[in-house]
Novice: 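Take a look at the following structure, please.
Just so it is clear: chains get the letters A, B, ... in the order the sequence lines come, proteins before strands, and each one is counted from 1.
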Amino acid sequence: MRSPLRYVSKHQMVYTIGSSTSLKELKQIHTHLLVNGHLNDSNFSGQFVAAIALNNHKNINYSEKVLDQWETPTMFCLNSMIRAHSKSSTPERSFLYYNKILRSSDHISPDNYTFNFLVRACTQHLTRWSGPTVHGLVIKHGFECDPHVLCGLIRMYAELGGLDSCFRMFGLVRNPDLVCQTAMISACAKCGDFGSARELFDAMSQRDTWAFNAMISGYAQCGQSKEALRLFRMMQLEEVKIDDVCMVSVLSACSHLGASDHGRWAHAYIERHKIPMTVTLGTALIDMYAKCGNISKAMEVFWGMKEKNVYTWTCAMNGLAMNGAGHKCLELFSLMKENGISPNGVSFVSILRACSVVGLIEEGHEQFVSMKRVYGIEPLAEHYGCMVDLYARSGRLDDAVNIINNMPVTPHAGAWGALLNACKLHRDKELGELAARKLIQLEGSNHCAFVILSNIYSDSRDWARADNVRQTMNAKGIKKKPGCSVMEVDGEVHEFFVGDTSHPRYGDIKVKLEEIYSNLRLSGYVANTKPDSLYRHSEKVAIAFGLITVKQVVPIRIVKNLRICWDCHDLVKAVSKIYNKEIIVRDRNRFHHFEDGHCSCSGYW
DNA sequence: TTAGGGTTAG
């Protein structure tokens, strides 16, 4: 954004061209300037065009029309147009103005500004050829040593995934400053090379807010949430200024961990330090509360926000769907449309999931159809996956198969996985076998598919095939992804892995588990499996730990990395009744609120 | 009278 252009006329009339200037106002100002001959001054006219194009992208067309009327626009003007387009949704139009410079009869040639903006345009509009082509032009015109251009090239190659090229550009910068070093850290993180990113970060003689933010957001985005929070603590110790962008990443890390104490603390920190509540920060707060199972607080933040964008609405809808409040999610969707916000593809994932969790099949179908018909959004594989889930989990397996057979994109693992889960739920052996085989074709190391396929054969007493599947698994070295439950007690994050006895309080946990088991037996709960299986699943161990450490009035909150199994689900229901304890489990897909022997998912998950 | 680094939803 450029600062508004203010112009005072001879009659002391003040004209301002800023981000809120409407097209009508622009036309009035333009007429005034033309009548008074002010546009004959090439410096002033350049500023005029730049102000229109840069302050509001919606007015780019108007600035183009103004510019087209001039035979010899200045370099400043043309560079400003390249810059404006590089930041807009039409970056490819930057090249139009680059060509105007080349073809200019005014003997001007592109300068360092031109290439800086042109490289940015390429980063916005990446095609395989455009980036390297512009890099070639940079070399041809002798700007490969310009630090601004090089910094832009680092970002561009990072988008292309060419980390080697990023390092090559970085190597060409003499004495890289903070800005350039941060760009390089960010490039490493974007390409997934966190080791190099951290090496560069640790080697910096001075680290500012931006450098920390690049590193923290990198960790947060790749799921290394504990490391992100650790770095945030380091930032506080080094007394580096913490801003809204930093807090967005911190909240995102809390969301992943389901660390509600950390999240609440972060919220308090934002308020205490008067960090500006931007739309992005508010949205991150909603997401954090929703993913920590506190949907009422999430909605409180949502209703309190003055400005909301499509991310904000979608985040709230997703939170409601995850928490099983499908009807409320659909109500919110209506309200979103009434507020003039158009949904996008991600919004529809939440909407279709909302229909799925409450079993609204016809509604889901109508929403799916409206996606393309009303909003012109082409459904992606994941939307078809949601439809497969919607039909299959309600037992309409034939309809689910129809969706898979008729989807215009190749059915992905998500679609077959949804069908497979439903086949297990509705005990359809043949279809389950087909789904498992398809899933294995797509994901050769999908542990769940092998296990379910083996179970399907065992159920039909086809021991030879069941054994064969197990042997294939062993031969391929396919191991179950280790189940892990995370819980936060008194601000500390505890992780429990399957069969892991390393927790300092494991002795107490074991005693508690035995007590739970004996209470369950006394109350008539019959475990599906032998007593030693009690220790097997991480969520059971976490619940025992929660019963020891969490105060009676506070619910136990657990985040599980995989889907919760039937056995654990039944057990948690029983524990919630016998111990009169609210237990909230977030599994890979959704929330389960257990209270008084019932779960909010009503058996749908 | 134009430049460079960090942020949100599946």
Novice: Would you mind checking if Glu331(A) and Lys328(A) are paired as a salt bridge, meaning a charged N to carboxylate O distance below 4.0 Å?
Specialist: no
Novice: Please give, in whole Å, the distance from dG6(B) P to Met184(A) CE?
Specialist: 13 Å
Novice: Could you pull out all residues at least two apart from Ser249(A) that satisfy side-chain hydrogen bond (donor to acceptor under 3.5 Å, both in side chains)?
Specialist: none
Novice: Does His148(A) stack onto the base of dG4(B), taking stacking as ring centres under 5.5 Å apart and planes under 30° apart?
Specialist: no
Novice: Does a nitrogen or oxygen in the side chain of Arg83(A) sit under 4.0 Å from OP1 or OP2 of dG4(B)?
Specialist: no
Novice: Would you check if there is a donor-acceptor pair between the side chains of Asn79(A) and Asp111(A) at a distance under 3.5 Å?
Specialist: yes
Novice: With a 6.0 Å cut-off (strictly less than), is the heavy-atom count around NZ of Lys308(A), excluding the residue itself, greater than 12?
Specialist: yes
Novice: Find the distance Glu159(A):CD to dG5(B):C1' and express it as a whole number of Å.
Specialist: 13 Å
Novice: Would you mind telling me which of dT8(B), dG4(B), dG10(B) lies closest to the side-chain atoms of Val346(A)?
Specialist: dG10(B)
Novice: Phosphate oxygens OP1/OP2 of dT7(B): is one of them under 4.0 Å from a side-chain N or O of Ser217(A)?
Specialist: yes
Novice: Answer with base, sugar-phosphate or nothing: what part of the nucleic acid does Leu150(A) contact at a heavy-atom distance below 4.0 Å?
Specialist: nothing
Novice: dA9(B), dT2(B), dT7(B): which one has an atom nearest the side-chain heavy atoms of Asn344(A)?
Specialist: dA9(B)
Novice: Checking all strands, does Thr209(A) fall into the base, sugar-phosphate, or nothing category for heavy-atom contacts under 4.0 angstrom?
Specialist: base
Novice: Checking contacts here: which listed nucleotide (dG10(B), dT8(B), dG5(B)) is nearest the side-chain heavy atoms of Arg353(A)?
Specialist: dG10(B)
Novice: From the set dA3(B), dT8(B), dT2(B), return the single nucleotide nearest to any side-chain atom of Asn112(A).
Specialist: dA3(B)
Novice: Looking only at the side chain of Lys291(A) (C-beta and beyond, no hydrogens), which of the listed nucleotides dT7(B), dA9(B), dG5(B) gets closest?
Specialist: dA9(B)
Novice: Is it true that Glu378(A) and His383(A) share a donor-acceptor pair across their side chains at a distance under 3.5 Å?
Specialist: no
Novice: Between the side-chain atoms of Asp177(A) and the base atoms of dG5(B), is any donor-acceptor pair under 3.5 Å?
Specialist: no
Novice: Expressed as a whole number of angstroms, how long is the span from Met156(A):CE to dA3(B):C1'?
Specialist: 17 Å
Novice: Quick check for you: among dA3(B), dG5(B), dT7(B), whose closest atom lies nearest to any side-chain atom of Phe117(A)?
Specialist: dA3(B)
Novice: Between His148(A) and Tyr113(A), do the side chains contain an N or O donor and an N or O acceptor separated by less than 3.5 Å?
Specialist: no
Novice: Ile154(A) has an atom CD1; how far is it from atom C1' of dG6(B), in whole Å?
Specialist: 15 Å
Novice: Counting C-beta onward and ignoring hydrogens, is there a side-chain heavy-atom pair between His30(A) and Leu39(A) closer than 4.5 Å?
Specialist: yes
Novice: Tell me the interatomic distance from Ile286(A), atom CD1, to dG10(B), atom P, rounded to whole angstroms.
Specialist: 13 Å
Novice: I want to check a possible cation-pi pair here: Lys337(A) against Phe333(A), using under 6.0 Å from ring centre and within 45° of the ring axis as the test.
Specialist: yes
Novice: Of all the nucleotides listed (dG5(B), dA3(B), dT2(B)), which has the minimum atom distance to the side chain of Asn116(A)?
Specialist: dA3(B)
Novice: Nearest-Å distance, CD1 (Ile101(A)) to C1' (dT2(B))?
Specialist: 12 Å
Novice: Which residues within residues 301-325 of chain A lie with some heavy atom under 4.0 Å of an atom in DNA chain B?
Specialist: Tyr311(A), Thr314(A), Cys315(A), Asn318(A)
Novice: Measure the distance from CZ on Arg155(A) to C1' on dA3(B) and round it to the nearest whole Å.
Specialist: 12 Å
Novice: By a strict heavy-atom criterion of less than 4.0 Å, which residues belonging to residues 219-240 of chain A are in contact with DNA chain B?
Specialist: Gln221(A)
Novice: Give the rounded distance in Å between these two atoms: CG of Leu352(A) and P of dA9(B).
Specialist: 19 Å
Novice: Just verifying a value: how many Å separate Gln367(A) CD and Cys355(A) SG, rounded to the nearest 0.5 Å?
Specialist: 5.5 Å
Novice: Fit a plane to each ring of Phe143(A) and Phe115(A), take the angle between them on a 0 to 90° scale, and name the class: parallel (under 30°), tilted (30 to 60°) or perpendicular (over 60°).
Specialist: tilted
Novice: Any salt bridge linking Arg168(A) with Asp164(A)? Criterion: basic side-chain nitrogen under 4.0 Å from a carboxylate oxygen.
Specialist: no
